[in-house]
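Below, chains carry the letters A, B, ... as their sequence lines are ordered, and counting in each starts from 1. Please read all numbers here as calculations on a predicted model, not as lab measurements.
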Number of protein chains: 4
Amino acid sequence: MINIISIDLKNPKPIFEQVKDGFKNLIICGVLSSEEKIPSVREMAQELAINPNTIQKAYRELEAEGYVYQVVGKGTFVAPVVPLENQARIDELILEIEDLARELIYLGVAKPDIISILDKL
Amino acid sequence: MINIISIDLKNPKPIFEQVKDGFKNLIICGVLSSEEKIPSVREMAQELAINPNTIQKAYRELEAEGYVYQVVGKGTFVAPVVPLENQARIDELILEIEDLARELIYLGVAKPDIISILDKL
Amino acid sequence: MINIISIDLKNPKPIFEQVKDGFKNLIICGVLSSEEKIPSVREMAQELAINPNTIQKAYRELEAEGYVYQVVGKGTFVAPVVPLENQARIDELILEIEDLARELIYLGVAKPDIISILDKL
Amino acid sequence: MINIISIDLKNPKPIFEQVKDGFKNLIICGVLSSEEKIPSVREMAQELAINPNTIQKAYRELEAEGYVYQVVGKGTFVAPVVPLENQARIDELILEIEDLARELIYLGVAKPDIISILDKL
DNA sequence: GTGGTCTAGACCACG
DNA sequence: GTGGTCTAGACCACA
């Protein structure tokens, strides 16, 4: 369970964001499943040798985005998914994915190649 | 030609990045075509009521990323595209697009729906 | 560690470039080694009696060229070398070195003399 | 005789410097030989579609560096070489060539490879 | 008039 | 305390 998140201090991306995205990926890929407990702030902080405030911030944002929920005195748990609930987030993602795809096309990548990449997921 | 870029000062995204992304989109979508002159640093600065240094930073980054080139004494111009030149950027974009697509799927969007969005571009 | 870079305000070369080249030389000659911390932007600015923005520009370019990496809140560090990674830069350097050598030969310096200079490095 | 110099307006190098370096190369490579007349400022300006002042500046610098000499009313001519005369310039070139070679070595190019490049000149 | 450099000084995010 | 962004305003090289 531990060592599942990796942090790169050289990465310009803020550490709290690396932690957040790390958990998001684990949840999205199914490594962490609904209602599963994730490590406490202290455990993660010690494990990654990082300031607990930084982990705290990552957990807070994960909760705000609906990926986990915190129970005082119990810990933090993966939230169940409610398909198509967060339409605002879906719209945002679609806009982003369109932008990226357009840039790829501009850079010379053929549209079928892009689609085949997504098809393999 | 003017008023083509809009800036939102409340947006947490840095101003120079909003300017940069604005021009990138215009170039990618073909609104600005190769060798076309874009407004001078001072013109944009006045138009957007923003410090010239901020515009200059945006233009420099656009140049570094190959979207425009600057000629001292002449102005800034849209650079011609060299297909598949920037493989590093392409790889990066593909990783991002995969992440976004995975998140969309997790949120309940069906894969064919995602693909049809890209197909319409 | 301090006083390792010297700036000549009369030199037509921009200050930020003098700073950049100074650090590049220190890194290339091994005075600064991989992962070593270099002075903060503010320290260098005070030490050289130069505006922090100018130092920051030098550091940013050093980062863009792969000589250092910056970690917000931590400082700036010498980047590890990845041999033969930057082929574009290598090609550029070879062209320049060829031009210089040709000029030396034109000025009457014998080719073996030039080679012996390089051999001593 | 004409069309021997090519100018790239996109090149960040100033145009007058491109003209200067262009002639320098032609002289060094022997395409232009001692006492040969080079085109007048006006001819070059028209040929390259460039401001005559810019050509003027290039010619002035070429003269200052000893590559050509100007005769009022006659034109501009390639100067004869006096081997090993300009020791200051030679020393400068050697310093530059050492710097470039050190950077190449740092980037992972083997010293024999650099020497073989020079040997082929 | 164009972009390039530099200064002085402010505020912010991150850890 | 670190780097990142932004402003206001100055001077310079190039064409």
Whether B:E35 and D:K10 form a salt bridge (side-chain N of Lys/Arg under 4.0 Å from carboxylate O of Asp/Glu) is what I want to check. yes
How are the rings of D:Y106 and C:Y67 set to each other: parallel, tilted or perpendicular (split at 30° and 60°)? parallel
Heavy-atom contact window of chain B on DNA chain F, given 5' to 3' at under 4.0 Å: F:dT5 to F:dA15
Ion pair present between D:K13 and D:D21, side-chain N to carboxylate O less than 4.0 angstrom? yes
Can you see which heavy atom on C:M44 is nearest to which on C:Y59, and at what distance? CG-OH, 3.0 Å
What's the CZ-P distance between C:R42 and E:dC12, to the nearest Å? 14 Å
Could you tell me, to 10°, how much the axis swings from one end of the helix from E:dG1-F:dC14 to E:dC14-F:dG1 to the other, five pairs per end? 20°
Charged N to carboxylate O below 4.0 Å: is that the case for A:E103 and B:R89? yes
Nearest heavy-atom approach of A:G66 to A:A79 is O-CB, 3.4 Å
Would you give the length of the straight line joining atom CZ of D:R102 to atom SG of C:C29, rounded to the nearest 0.5 angstrom? 5.0 Å
Whichever of B:N51 and C:E63 has its nearest DNA chain F nucleotide further upstream toward 5': C:E63
For A:I50, answer base if it contacts any base atom (sugar-phosphate contacts may also be present), sugar-phosphate if it contacts only those atoms, and nothing otherwise; contact means non-hydrogen atoms under 4.0 Å. nothing
Nearest-angstrom distance from the residue atom CD of A:E61 to P of E:dA13: 12 Å
Between residues 7-19 of chain D and DNA chain E, which residues have a heavy-atom gap below 4.0 Å? none
Would you classify B:R60 as touching base, sugar-phosphate or nothing, given that sugar-phosphate means primed atoms plus P, OP1 and OP2, and contacts are heavy atoms under 4.0 Å? sugar-phosphate
State whether D:K57 and D:E17 are salt-bridged, where the test is any N-O pair (Lys NZ or Arg NE/NH1/NH2 against Asp/Glu carboxylate O) under 4.0 Å. no
Residues, nucleotides or ligands: over 12 heavy atoms within 6.0 Å of D:Q46 CD: no
Shortest non-hydrogen contact between A:V78 and A:L32, atoms and distance: CG2-CB, 4.0 Å
Given that B:G73 and B:Q56 both sit by DNA chain E, which one's nearest nucleotide is further toward the 5' end? B:G73
Using a heavy-atom cut-off of under 4.0 Å over every strand shown, decide if D:N53 touches base, sugar-phosphate, or nothing. nothing
Can you give me the closest heavy-atom contact between D:G75 and D:K37, atom names plus distance? CA-CE, 4.3 Å
